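Counting starts at 1 for both ligands and their atoms, following the listed order. Quantities reported herein were computed from a predicted structural model and do not represent experimental measurements. Atom set for the values below is all heavy atoms of this structure, side chains included, hydrogens, waters and symmetry mates excluded.
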Amino acid sequence: MNRYLDLHPEVQTALKNKQPVVALESTIISHGMPYPRNVETAKRVEQIVRENGAIPATIAVLSGRLKAGLTPDELEHLAKSGSVAKVSRRDLPYIVSGKKDGATTVASTMIIAALAGIKIFVTGGIGGVHRGAGESFDVSADLTELANTNVAVVCAGAKSILDIGSTLEVLETMGVPVYGYQTDEFPAFYTRKSGFSVDYRVENTTLLAETLKIKWELGLNGGVVIGNPIPEEHAIDEQVIKTATDTALQEADSKGIKGKEITPFLLARITELTGEKSLAANIQLVFNNAKIGAQLSVALSKIE
Ligand code: PSU
Ligand code: MN
């Protein structure tokens with residue numbers, strides 16, 4: 001066990017007994033959704049993971065301790081505080097040494113999940129190559145983490161605030177498999193289709209679990225992206241999202257918003273601009289990912 005890491009007792013017991021455990025991120029709670037919908041969602045996601053046979057381990061940094069598995073009070077604190085830093089790979093040492101609180105991104109959640117021995121991670125959407133990255137060089141550290149860290153990420157694809165085509169190109173270069181769960185197309189978060197193909201369509205979690213086991217037994221280090229489209233009945237009209245996204249991107253540009261601030265800014269603006277329609281969709285797609293992630297974790301634990 002890493003000396004900076006605390007496992008929730010329930011998570012520790014499950015890992016010791018080789019029972020399925022699913023990691024969940026906390027940036028989505030602190031910087032991805034408004035209070036109190038964020039904490040309600042986080043709790044319901046944990047419940048869905050349980051209903052599908054796995055133990056949830058929400059990941060964050062609290063008073064400088066890396067945490068896998070949180071109490072309801074800790075979830076509430078992350079959702080409410082407003083002063084919790086967004087923590088990616090580069091931020092971890094400083095946040096730990098300063099005994100600060102941090103909400104973990106996909107990248108840092110993968111790091112802490114791997115330290116804990118958790119292989120399956122559920123989130124909403126991954127970070128990626130931002131539009132205009134040719135000039136700004138803004139490529140999320142999530143992609144380099146996916147290249148290196150042995151955790152599979154179940155997501156609803158990537159938001160069209162990003163350049164989805166370039167994001168998929170970078171994942172290919174880095175050798176990260178991109179699977180579509182019962183889909184040929186990489187999903188675009190609020191919508192089921194992005195116009196870009198996945199590498200492979202996979203029909204069930206048993207097959208997915210086998211490919212994960214084989215990848216890591218071959219010594220092919222790194223993560224896997226599993227794109228699980230939002231259920232049709234919760235998807236948002238493409239034109240509504242396109243208009244809101246374009247407006248949010250223009251505002252970010254004219255305000256000069258850059259770096260780690262841009263993703264939270266765009267997410268919050270899109271929520272406002274769509275009158276919370278996008279928030280409702282965001283919540284539903286995370287629920288759907290929690291179900292598939294838990295089933296995948298169960299399937300993997302059966303063959304390990
Ligand atoms: N995309 C979403 N929702 C999110 C994020 C991305 O649709 O909440 C968050 C995730 O935590 C992701 C992070 O890891 O934003 C990426 O931020 P950046 O682009 O600054 O690396
Ligand atoms: Mn960035």
Side-chain angles (χ1 to χ4, degrees), residues 23-35 37-38 41-42 45 58-61 78-79 84-92 102-113 121-147 149 151 153-164 166-167 170-171 176 186-191 194 223 225 227-230 236 241 244-245 248-249 252-253 256-271 274 278-286 288-289:
L24 302 161
E25 72 155 293
S26 45
T27 290
I28 190 173
I29 303 172
S30 300
H31 303 277
M33 289 183 193
Y35 184 83
R37 302 293 293 281
N38 54 0
T41 304
V45 166
T58 302
I59 288 182
V61 186
L78 285 171
V84 179
K86 175 179 161 187
V87 171
S88 194
R89 171 180 258 268
R90 59 148 185 209
D91 309 294
L92 278 173
T104 50
T105 62
V106 168
S108 53
T109 302
M110 288 178 74
I111 294 167
I112 297 170
F121 163 28
V122 164
T123 187
I126 55 169
V129 179
H130 282 259
R131 296 202 204 167
E135 294 252 310
S136 68
F137 283 64
D138 190 348
V139 178
S140 176
D142 291 356
L143 297 185
T144 20
E145 209 57 54
L146 280 160
T149 302
V151 172
V153 183
V154 180
C155 64
K159 280 205 176 81
S160 53
I161 57 171
L162 300 175
D163 178 339
I164 298 181
S166 301
T167 299
V170 171
L171 289 170
V176 178
F186 192 63
F189 202 84
Y190 298 119
T191 55
S194 64
V225 175
N228 181 36
I230 185 170
I236 300 197
I241 279 303
T245 303
L249 281 165
D253 189 46
I257 294 170
K258 292 196 273 288
K260 70 191 280 185
E261 312 301 338
I262 190 143
T263 299
F265 174 85
L266 295 171
L267 301 182
R269 278 305 281 147
I270 291 171
T271 300
T274 60
S278 64
L279 180 60
N282 195 346
I283 291 170
Q284 290 300 327
L285 67 85
V286 180
N288 188 44
N289 294 344

Close side-chain approach of [X] and [Y], heavy atoms under 4.5 Å:
X      : Y      : answer
Ile236 : Ser278 : yes
Arg90  : Lys260 : yes
Val153 : Leu146 : yes
Val225 : Leu171 : yes

Checklist entry - Just by distance, do the side chain of Asn289 and the backbone of Val122 share a donor-acceptor pair under 3.5 Å? => result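 Not a single qualifying donor-acceptor pair exists.
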Checklist entry - Leaving waters out, which protein N, O or S atoms fall under 2.8 Å from the Mn ion (ligand 2)? => result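 Atoms qualifying: Asp138 OD1.
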Checklist entry - How would you list, by chain and number, every residue that makes a salt bridge (charged side-chain N to carboxylate O under 4.0 Å, His left out) with Glu145, sequence neighbours excluded? => result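 Glu145 satisfies salt bridge (charged side-chain N to carboxylate O under 4.0 Å, His left out) with Arg89 only.
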Do any side-chain atoms of residues 125-133 form donor-acceptor pairs under 3.5 angstrom with protein atoms, and if so which ones, sequence neighbours left out?
| unit_1 | atom_1 | unit_2 | atom_2 | d |
| --- | --- | --- | --- | --- |
| Arg131 | NE | Ser160 | O | 3.1 |
| Arg131 | NH2 | Ser160 | O | 2.5 |

Expected rows: ligand 1 N/O, protein N/O, dist below 3.5 Å:
| unit_1 | atom_1 | unit_2 | atom_2 | d |
| --- | --- | --- | --- | --- |
| ligand 1 | 7 (O) | Lys159 | NZ | 2.5 |
| ligand 1 | 11 (O) | Glu25 | OE1 | 2.7 |
| ligand 1 | 11 (O) | Glu25 | OE2 | 3.4 |
| ligand 1 | 14 (O) | Val106 | N | 2.8 |
| ligand 1 | 14 (O) | Asp142 | OD1 | 3.2 |
| ligand 1 | 14 (O) | Asp142 | OD2 | 2.7 |
| ligand 1 | 17 (O) | Lys86 | NZ | 3.2 |
| ligand 1 | 19 (O) | His130 | NE2 | 3.4 |
| ligand 1 | 19 (O) | Thr263 | OG1 | 2.9 |
| ligand 1 | 20 (O) | Lys86 | NZ | 2.7 |
| ligand 1 | 21 (O) | Ser140 | OG | 2.7 |

Checklist entry - Do we see a donor-acceptor contact under 3.5 Å between the side chains of Ser108 and Ser88? => result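 Judged by distance alone, the side chains do not pair up.
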Checklist entry - Taking all non-hydrogen atoms of both residues, which atom of Ile29 and which atom of Ala42 are closest, and how far apart? => result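 Taking every non-hydrogen atom into account, CD1-CB, 3.7 Å.
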